[in-house]
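All ligand and atom numbering here is 1-based and tracks the order in the structure.
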Amino acid sequence: MTTQAAGSRATAAAGSRAAAAAAIRHHYDVGNEFYRLWLDPSLTYSCAMPDGPDDDLEAAQERKLRFHLDAVNARGAGAVLDIGCGWGAVLGRLAGTYRVPRAVGLTLSVEQAAHITGIGDPGVEVRTEDWRDYEPDGPFDGIISIGAFEHFARPDDSPAERIRTYREFFERTRSWLTDDGALSLQTIAYANMPREAASTFIQQEIFPDAELPTLAEIAIAAEGLLETRSVRNDRLDYAWTCERWASRLRAHRAEATALVGPDVVARYERYLRMSALGFRMGKICLYRLVFAPYPRGYARRAAAR
Ligand SMILES: C[S@@+](CC[C@H](N)C(=O)[O-])C[C@H]1O[C@@H](n2cnc3c(N)ncnc32)[C@H](O)[C@@H]1O
């Protein structure tokens, strides 16, 4: 590669990081108080794990958090990383119930980072940093990433570019894990719907610059780097979660309108209703995947191919 080509690739990468950060702020920096009105008390903003239609949102979110914490064997771990840590529900449990001495969270949202710093849990470090720029100073026994993968690729990426981004994610997370560590990943994905049929309303007004993966893209990107231990598609859990969020927002419509105005409230109500329908119809789905590093020898042979 010429220095000029290397320079323009670096400039493009920096531009793409800035766009990603701006897109995240567009969505998450609407204000913590707005989200507090309709999320559960832990401010978990991702698909819950209900044990039936009558379950309670808070209990269903706790069950989901436990699923991921147990998937990476957090009990007894020395250090765990949460990529896309939101308002810190995983970090709080790592520091509290699981007594993990070091818990690091990455987010692109300044408001989320300030919220976590304000809690001040022992051993918790939160960084407003893209995972592509993060350089950890030690290995992790577990890595959790819930609801962030959807933000990694961009709508105008080619299939090859999307897979390159996902592979970089798996290469980096693999290199940060101890040999007996694990990665627990939760993401929405395209299912029975072509990419071109995705809602422009959600893409342009709710999650600008975000793009969903397909299961095939995730599998190709992880090949030779990480072993897939389990895959679950819990799409009806997400339909349930969106319906719960929508009815809570509806119940607090007046307070929400006073905080962010009628247009934002109407946009969120529409997006939650549309998403619930998409999950119910199987157009989009919700994967929970657990990965583990291959034994070192295999990974080296695959990389050399
Ligand atoms: C839908 S929220 C999920 C938050 C949290 N995991 C939860 O379940 O409540 C997505 C999170 O991913 C973060 N995020 C998105 N892209 C990221 C990136 N490239 N690097 C670090 N964090 C990112 C956002 O800042 C946000 O905290």
Trainee: For atom 26 (C) of ligand 1, which of Glu129, Gln61, Lys64, Gln112 has the closest heavy atom?
Mentor: Gln112

Trainee: If you measure from the Lys or Arg side-chain nitrogens to the Asp or Glu carboxylate oxygens, is any gap between Arg154 and Glu161 under 4.0 Å?
Mentor: no

Trainee: Does ligand 1 come near enough to Phe152 that some N or O of the ligand is less than 3.5 Å from an N or O of the residue?
Mentor: no

Trainee: For atom 5 (C) of ligand 1, tell me which residue out of Gly147, Gly84, Ala148 has the closest non-hydrogen atom.
Mentor: Gly84

Trainee: Is Arg172 salt-bridged to Glu168, going by a charged N under 4.0 Å from an acidic O?
Mentor: yes

Trainee: Just checking, is any N or O donor in the side chain of Lys64 or Ser46 under 3.5 Å from an acceptor N or O on the other one?
Mentor: yes

Trainee: Can a non-hydrogen atom of Ile83 be found less than 4.0 Å from any atom of ligand 1?
Mentor: no

Trainee: What atoms in ligand 1 come closer than 4.0 Å to a heavy atom of His151?
Mentor: 15 (C), 16 (N)

Trainee: What atoms of ligand 1 come closer than 4.0 angstrom to any heavy atom of Leu106?
Mentor: 22 (N)

Trainee: For ligand 1, which atoms sit closer than 4.0 Å to a heavy atom of Ser109?
Mentor: 25 (O)

Trainee: Mind checking who shares a hydrophobic cluster with Ile119, ILVMFWY linked at side-chain heavy-atom distances under 4.5 Å?
Mentor: none

Trainee: Does an N or O from Leu108, backbone or side chain, lie closer than 3.5 Å to an N or O of ligand 1?
Mentor: yes

Trainee: Is there a donor in the side chain of Thr107 and an acceptor in the side chain of Ser109, or the other way round, less than 3.5 Å apart?
Mentor: no

Trainee: Quick check on ring-ring contact (aromatic ring centres under 6.0 Å, His included): which of Trp176, Phe149, Phe152 does Trp131 satisfy it with?
Mentor: Phe152

Trainee: For residues Ile218 and Thr187, determine if any side-chain heavy atom of one lies less than 4.5 Å from a side-chain heavy atom of the other.
Mentor: yes

Trainee: Which of the atoms in ligand 1, numbered in the order shown and given with their element, are less than 4.0 Å from a heavy-atom of Gly86?
Mentor: 4 (C), 5 (C), 27 (O)

Trainee: List ligand 1 atoms under 4.0 Å from Arg132, heavy atoms only on the residue side.
Mentor: 19 (N)

Trainee: In the hydrophobic cluster built from side-chain contacts under 4.5 Å, what are the other members alongside Leu236?
Mentor: none

Trainee: Test your reading of the structure: does Thr107 have an N or O sitting under 3.5 Å from an N or O of ligand 1?
Mentor: yes

